[in-house]
Structures are given as C-alpha cells and as structure tokens.
Amino acid sequence: NQKAVNLLTCFDTPFEHVNSYATIGFSQLPAKLTSGGKPLTVEFVSACESTYDLFPNVVSTCAFQLMDGETMYGPGAVVPNVISMYYPELEMKHMCMAYPFLWEHSPRTLSIGEKLVAWLQLIPISDMEYRYLLQNGYDALENLFEKEGIDVLDLGRKSVINR
C-alpha cells in the first residue's frame, strides 16, 4: 500500500541553471473529473532555479496531496503550504496550478484512448497571492503576474501583493 510518484528531471531547461520536473504515470490514477464525457486525469510539470535542490519533493508532494484527495486539480487550484514544508523561510508557500506556458513546446491536454490527460504547471505563490486568488479569481491573479512580470522560476521572489 505504498504510494509512489515518478518524476522526470530535465537539467538546464528551459534555461541554464533551471531544472524542469514532470510527473510520469500520475495520469494512471483513477480520474476525479470528466471532460466531454471522458475521464480527465493529470500530470504535473514545473521548473525552478537549480539551487533549490528540494524542489522535486515539492512537486511530488503536490501529486501525493492529489492522490490523498486533499486537493482538486485545474487552473487556479492550489496545493496549500507545500513549499513551506521544505522551505519554511521563503515567502512563497503554495503551488498554484496553471496551463503550461514556460516551455517552447509546452505540453497540452492529450486524448489517450478512452481518457484525457491534462498537463498542469505548478507555480509558486505567497499567502497574499493566494488570498488574492480566492477573492478575485485565477484570471485576475494571472493578469497581475503578467503585469508585474514575475519570475515563476524563483522560489525566493517577493510577493506582488504587499498588503
């Protein structure tokens, strides 16, 4: 009854000194949602400056939380306090799910047999950004991030909301 999450690690991609991580086979779990009458499953993808050596644990813990039914998935869904488990000193505490955008050929939802596999990018957010998302919605947070030009690869970044 052990759980496992397989991760693919790509070094120096999409940029030098940045590592990308993706779950592999996570979409084999039973689907919690459907889309167009097909079961909808998920794989996670994320990236971070290579100096954060515990970041693969952050990504796998997001998957474990989903396995345990503690988190739903989709753009704007948040895995709370997952970064703070490994980096309690950082302002970024949570991981927010988004459609992948970081890579030149970012993965998209695939139809595989009788199911759909959606790829979701995990983005670090702060407590204040999380509250902003809950109050204003995911699109508003995404627009704010674009306006401020945040670096989603930097776990040490400061929150764009300083209230």
Side-chain angles (χ1 to χ4, degrees), residues 1-15 17-33 40-103 106-107 117-138 140-142 144-145 148 150-163:
N1 291 333
Q2 291 182 328
K3 294 181 274 182
V5 173
N6 296 312
L7 284 182
L8 168 69
T9 302
C10 297
F11 299 98
D12 292 320
T13 190
F15 310 106
H17 306 294
V18 171
N19 296 338
S20 293
Y21 305 93
T23 58
I24 301 294
F26 188 58
S27 59
Q28 298 302 312
L29 293 173
K32 294 181 180 183
L33 302 173
L40 177 64
T41 61
V42 68
E43 296 283 356
F44 289 135
V45 63
S46 197
C48 181
E49 293 174 348
S50 58
T51 55
Y52 294 99
D53 58 341
L54 296 177
F55 192 72
N57 299 47
V58 173
V59 175
S60 61
T61 300
C62 289
F64 286 129
Q65 298 247 343
L66 207 71
M67 280 183 204
D68 293 340
E70 297 175 28
T71 302
M72 285 303 292
Y73 53 87
V78 174
V79 182
N81 300 309
V82 67
I83 297 171
S84 57
M85 293 171 77
Y86 299 98
Y87 297 102
E89 73 283 2
L90 297 179
E91 195 170 337
M92 297 300 110
K93 305 286 184 203
H94 322 285
M95 292 294 263
C96 179
M97 298 175 206
Y99 291 116
F101 61 85
L102 191 58
W103 300 266
S106 291
V117 178
W119 286 87
L120 293 172
Q121 183 173 340
L122 299 168
I123 299 171
I125 62 172
S126 70
D127 284 334
M128 294 303 296
E129 292 163 350
Y130 188 16
R131 280 190 219 118
Y132 183 89
L133 181 147
L134 292 174
Q135 292 173 354
N136 301 289
Y138 171 71
L141 180 64
E142 185 179 50
L144 182 61
F145 284 169
E148 296 294 324
I150 69 160
D151 182 358
V152 298
L153 303 171
D154 181 10
L155 287 182
R157 74 174 176 83
K158 296 295 180 193
S159 177
V160 297
I161 301 169
N162 299 314
R163 291 185 237 158

When rounded to the nearest 0.5 angstrom, what is the spacing between [atom1] in [X] and [atom2] in [Y]?
| X | Y | atom1 | atom2 | value |
| --- | --- | --- | --- | --- |
| Leu153 | Cys48 | CG | SG | 7.5 Å |
| Ser126 | Leu133 | OG | CG | 10.5 Å |
| Phe44 | Leu7 | CZ | CG | 11.0 Å |
| Met85 | Leu54 | CE | CG | 11.5 Å |
| Ile125 | Leu141 | CD1 | CG | 6.0 Å |

| Listed partners of Tyr87 passing side chain to side chain donor-acceptor pair (under 3.5 Å), at least two apart |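 Here no residue qualifies.
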
| said: Checking Tyr21 now: which residues fulfil ring-ring contact (aromatic ring centres under 6.0 Å, His included) with it, not counting sequence neighbours? | reply: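 With neighbours one apart ignored, the set is Phe55.
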
| message | Whether the side chain of Arg157 engages the backbone of Pro124 through a donor-acceptor N/O pair (distance < 3.5 Å, no angle test) should be reported. | response |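 Flag set: sc Arg157 to bb Pro124 pair under 3.5 Å.
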
| field | Phe145 vs Asp151, side chain to side chain contact (heavy atoms under 4.5 Å, CB included): CA-CA, chis, key distance, verdict | value | CA-CA 9 Å; Phe145 284 169; Asp151 182 358; over 6 Å; no

| Between Tyr130 and Pro80, what is the shortest heavy-atom contact and its length? |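 In terms of heavy atoms, the two residues are closest at CE2-CB, 4.2 Å.
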
| query | Do you know the tightest heavy-atom contact between Gly76 and Tyr138? | reply |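 Looking at all heavy atoms of both residues, the shortest contact is CA-CD1, 3.4 Å.
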
| field | Pairs where residues 41-61 contributes a residue and the test side chain to side chain donor-acceptor pair (under 3.5 Å) is met, not counting sequence neighbours | value |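 Of all non-adjacent pairs touching residues 41-61, those that pass side chain to side chain donor-acceptor pair (under 3.5 Å) are Thr23-Glu43, Ser27-Glu43, Thr61-Tyr86.
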
What pairs of donor and acceptor atoms, side-chain ones from residues 90-98 against any protein atom, are under 3.5 angstrom apart with sequence neighbours left out?
residue : atom : partner : partner atom : Å
Glu91   : OE2  : Ser159  : N            : 3.2
Lys93   : NZ   : Pro88   : O            : 3.0
Lys93   : NZ   : Leu90   : O            : 2.5
His94   : ND1  : Asn81   : N            : 2.8
His94   : NE2  : Asp127  : OD1          : 2.6

| field | For Pro14, all residues meeting side chain to side chain contact (heavy atoms under 4.5 Å, CB included), sequence neighbours excluded | value |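 Result, side chain to side chain contact (heavy atoms under 4.5 Å, CB included) vs Pro14: Val18, Ser20, Ala47, Leu102, Trp103.
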
| query | Of all residues at least two apart in sequence or in a different chain, which pass the side chain to side chain contact (heavy atoms under 4.5 Å, CB included) check with Leu144? | reply |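 Expected list: Tyr132, Glu148, Val160, Ile161.
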
| Side-chain contact, heavy-atom cut-off 4.5 Å: Leu155 with Ile83? |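 The answer is yes, as the side chains (C-beta and beyond) meet within the 4.5 Å cut-off.
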
| request: For the residue pair Gln121 and Tyr99, establish whether any side-chain heavy-atom pair is separated by less than 4.5 Å. | output: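 Contact flag for Gln121/Tyr99 side chains = no.
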
| message | Assess the residue pair Thr9 and Phe11 against the criterion (side chain to side chain contact (heavy atoms under 4.5 Å, CB included)); give the C-alpha distance rounded to whole Å, side-chain angles, the decisive distance to 0.1 Å, and a yes or no. | response | CA-CA 6 Å; Thr9 302; Phe11 299 98; 3.6 Å; yes

| message | side chain to side chain contact (heavy atoms under 4.5 Å, CB included), that's the test. Do Val42 and Trp119 meet it? Break it down for me. | response | CA-CA 6 Å; Val42 68; Trp119 286 87; over 6 Å; no

